[in-house]
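This report refers to the structure that appears directly beneath it.
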Amino acid sequence: MPAARAAAEILHRAPGFRARIGIVLGSGLGGLADRIADAVAIPYTELDGFPMPSVEGHAGRLVLGHLGGQSVACMQGRVHAYEGTGLDALKTAIRALKLAGCDTLVLTCAAGSLRVEVGPGRLMAISDHLNMLGANPLTGPNEDAFGPRFPSMTDAWDPDLRALMRRKALEQNIDLVEGVYAAYPGPSFETPAEVRMLKVLGADAVGMSTVPECIVARHCGLRVVGCAVITNLGVGLGEGPVDHDQTLRAASAAASELERLLVGFLEGLNEEDGRRS
Ligand code: HPA
């Protein structure tokens with residue numbers, strides 16, 4: 001099984017190290033990995049079944065080490081449904097993190113806002129999602145060792161972890177909103193009519209990723225928390241067209257704020273553990 005082989009390789013590369021928190025960094029957000037101490041970087045090409053991202057802004061390596069007092073395994077780059085290679089590699093990567101010791105997954109992404117009052121540069125904690133991809137990574141025979149055939153998606157985005165993220169944002173004076181993230185297939189951006197539709201359906205932000213990782217993670221029992229960086233207003237809500245360069249530029253501009261929030265969040269997890277024990 002590729003996930004087990006990849007997990008064994010992860011454990012082998014950093015003897016004595018066991019990651020507790022998996023992190024997936026989205027478009028233009030890879031800089032967080034550079035802040036990881038005692039870093040061991042493994043290219044995805046050396047991890048069985050891992051994805052090879054083909055999109056600019058996605059490095060394609062797993063970085064192990066310490067961040068905010070936690071042991072982390074950070075995916076610097078992801079694959080998207082629109083790359084056409086299927087969702088198996090994504091599933092393998094998330095399951096490998098689980099088998100390598102992670103109990104929590106932090107998902108980040110760039111997204112377009114569907115709320116005009118929440119503009120570029122703002123951070124949005126993901127409270128729920130709409131899977132509009134027309135695909136589900138769990139399609140096919142169920143692998144019972146990882147989870148049930150029909151996993152629940154109630155509270156897929158962990159309310160306690162989100163509350164901690166909110167607290168840390170408040171403490172650090174970071175402006176954080178909350179909202180529902182819709183995953184749309186891409187790679188073409190949405191039409192203005194599709195943006196209006198997504199708003200009517202209850203979405204607050206739209207992107208082309210993140211939801212498959214959440215589904216696989218919940219299936220195998222990982223707790224999930226997520227934060228989107230708003231890089232633009234949804235097509236038709238702002239002025240002019242949206243493009244990928246703009247996404248990368250806006251994500252980089254907001255990345256330091258997201259990094260501060262995530263480091264605070266990881267430190268907060270330690271404080272919570274201390275309180276519980
Ligand atoms: N739509 C889809 N994906 C995105 C967008 C958008 O407006 N912005 C960043 N990723």
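Note that the structure is a prediction, hence the values are computed from the model and not measured. Read the numbers this way: they start at 1 and go in the same order the structure lists the ligands and their atoms.
- Counting heavy atoms under 4.0 Å from ligand 1, residue F189 touches it through the side chain alone.
- Atom 4 (C) of ligand 1 has as its closest protein heavy atom V206 O, 3.7 Å.
- Using a cutoff of 4.0 Å between basic side-chain nitrogens and carboxylate oxygens, R61 and E46 are not scored as salt-bridged.
- Listed for the Q70 side chain is no donor-acceptor partner under 3.5 Å among the backbone atoms of L67.
- With hydrogens left out, the protein atom closest to atom 7 (O) of ligand 1 is N232 ND2, 2.9 Å, a heavy atom.
- In this structure, atom 10 (N) of ligand 1 lies nearest to the protein heavy atom A110 O, 3.6 Å.
- Numbered from 1 in the order shown, with element, the atoms of ligand 1 that lie under 4.0 Å from a heavy atom of T231 read 8 (N), 9 (C).
- Of the protein's non-hydrogen atoms, the one nearest atom 3 (N) of ligand 1 is G207 CA, 3.4 Å.
- For the 3.5 Å distance criterion, the side chains of E83 and H80 qualify, holding a donor opposite an acceptor.
- Contacts of C109 with ligand 1, taken as heavy-atom pairs under 4.0 Å, are absent altogether.
- Hydrophobic clustering, defined by side-chain heavy atoms of Ile, Leu, Val, Met, Phe, Trp and Tyr closer than 4.5 Å, groups F146 together with M1, L99.
- The two residues C109 and T210 have their closest heavy-atom pair at CB-OG1, 3.2 Å.
- For H66 and F17, the gap between ring centers is short of 6.0 Å.
- For atom 5 (C) of ligand 1, the closest non-hydrogen atom of the protein is G112 N, 3.4 Å.
- Considering backbone and side-chain atoms together, L233 places no N or O closer than 3.5 Å to any N or O of ligand 1.
- When only non-hydrogen protein atoms are considered, atom 2 (C) of ligand 1 lies nearest to E190 OE2, 3.2 Å.
- Residues Y181 and V206 have side chains not in contact (no heavy-atom distance under 4.5 Å, counting atoms from C-beta outward).
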